[in-house]
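Scroll down for the structure; my scribbles are underneath it.
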Amino acid sequence: MGRLDGKVAIISGAASGMGAVEAKLFAAEGASVVLGDIQDEMGKAVEKEIGKDAAYLRLDVTDETDWVRAVETAVRRFGKLNVLVNNAGTAGRAPFAMLEEQSEEDWDRVMGVNSTGTFLGIKHAVPEMRKAGGGSIINISSVYGLVGSASGAAYPASKGAVRILSKSAAVQYAKEGIRVNSVHPGFIETPQSASLMNDPVARQKLVDRTPIGRIGTSEDIAYGVLFLASDESSYITGAELVLDGGITAE
Ligand code: NAI
């Protein structure tokens with residue numbers, strides 16, 4: 001018995017990092033998964049690794065027509081839609097610069113992927129989840145959707161938007177059995193964080209800021225997302241699942 005037996009999920013940003021690990025875990029737990037990303041070759045490689053229970057398609061989360069196609073693909077290939085993980089994200093071109101050094105263009109790009117992308121995903125998943133009698137939407141925010149950041153502007157703002165957007169959607173669709181929660185990872189080793197993690201001094205600083213005393217893995221996050229996707233979390237909506245090794249507890 002898998003924890004997601006019979007469920008159909010869309011995961012955005014599933015070609016790499018946490019999204020790819022979540023896709024493999026979901027499939028191992030019995031789900032069929034639609035993988036969306038803009039890195040086609042890597043996305044197809046994840047699809048191949050999973051096998052018949054996966055379908056990759058190009059999904060630029062800032063493009064509403066791509067979302068329409070992604071939801072259609074879930075229904076055409078696997079018959080319905082039960083779970084959406086809004087995981088695609090970007091830190092932008094200058095994540096460690098101060099606010100006044102960030103360009104408006106970069107602000108718009110980061111807000112577009114992280115915030116608008118999440119809005120569009122919810123918007124197009126809800127009608128299909130309604131037909132399925134309910135569903136679970138998991139929006140990947142960050143610890144920087146909970147507390148201020150010492151650098152950057154768009155990234156923490158975009159992740160803060162994801163947090164309250166999740167609660168608003170949770171309230172609006174609770175009566176229809178559609179649950180919406182946000183997930184707040186701490187410092188996790190993935191391609192997005194590689195430039196920081198590969199610098200031993202910077203890496204140690206992150207470890208020192210984490211009470212648990214280590215950098216997180218994609219698996220640490222994927223198991224939390226799996227719980228929220230499954231019926232084990234059926235009384236949880238509008239909540240924040242903080243997976244940060246204790247960073248924000250301090
Ligand atoms: P990653 O860079 O390995 O994966 C992100 C994926 O999103 C990539 O495959 C990328 O191609 C895709 N993507 C980017 N723009 C897209 C677009 N417009 N449309 C569709 N896909 C797009 O990064 P990681 O670390 O796995 O990030 C996953 C999520 O977790 C992101 O939302 C990120 O902001 C968030 N996060 C990451 C943390 C970390 O320490 N790595 C900490 C907290 C949150």
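Just so you know, ligand 1 is whichever comes first in the structure, and atom 1 is the first atom listed for that ligand.
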Exercise for the section: Could you list all the salt bridge (charged side-chain N to carboxylate O under 4.0 Å, His left out) pairs where at least one residue sits in residues 134-144, not counting sequence neighbours? Expected result: none
Handout entry: pair Lys167-Glu240: side-chain heavy atoms closer than 4.5 Å
Key = yes
Exercise for the section: Taking only Lys NZ, Arg NE, NH1 and NH2, and the carboxylate oxygens of Asp or Glu, determine whether Asp220 and Arg214 approach each other closer than 4.0 Å. Expected result: yes
Residues 118-127, side-chain donor-acceptor partners within the protein, below 3.5 Å, at least two apart:
from	atom 1	to	atom 2	distance (Å)
Thr118	OG1	Asn114	O	2.7
Lys123	NZ	Glu64	OE2	2.9
His124	NE2	Glu64	OE2	2.7

Fill in the blank from the handout: Sorted by chain and residue number, the residues with a non-hydrogen atom under 4.0 Å of ligand 1 are Gly13, Ser16, Gly17, Met18, Asp37, Ile38, Gln39, Leu59, Asp60, Val61, Asn87, Ala88, Gly89, Val113, Ile140, Ser141, Ser142, Tyr155, Lys159, Pro185, Gly186, Phe187, Ile188, Thr190, Pro191, Gln192, Ser193
Problem - SB check Glu29 Lys7 (cutoff 4.0 Å) - result: no
Practice task
With sequence neighbours left out, write down each residue that passes side chain to side chain donor-acceptor pair (under 3.5 Å) with Glu128, or none if nothing qualifies.
Solution key: Lys131
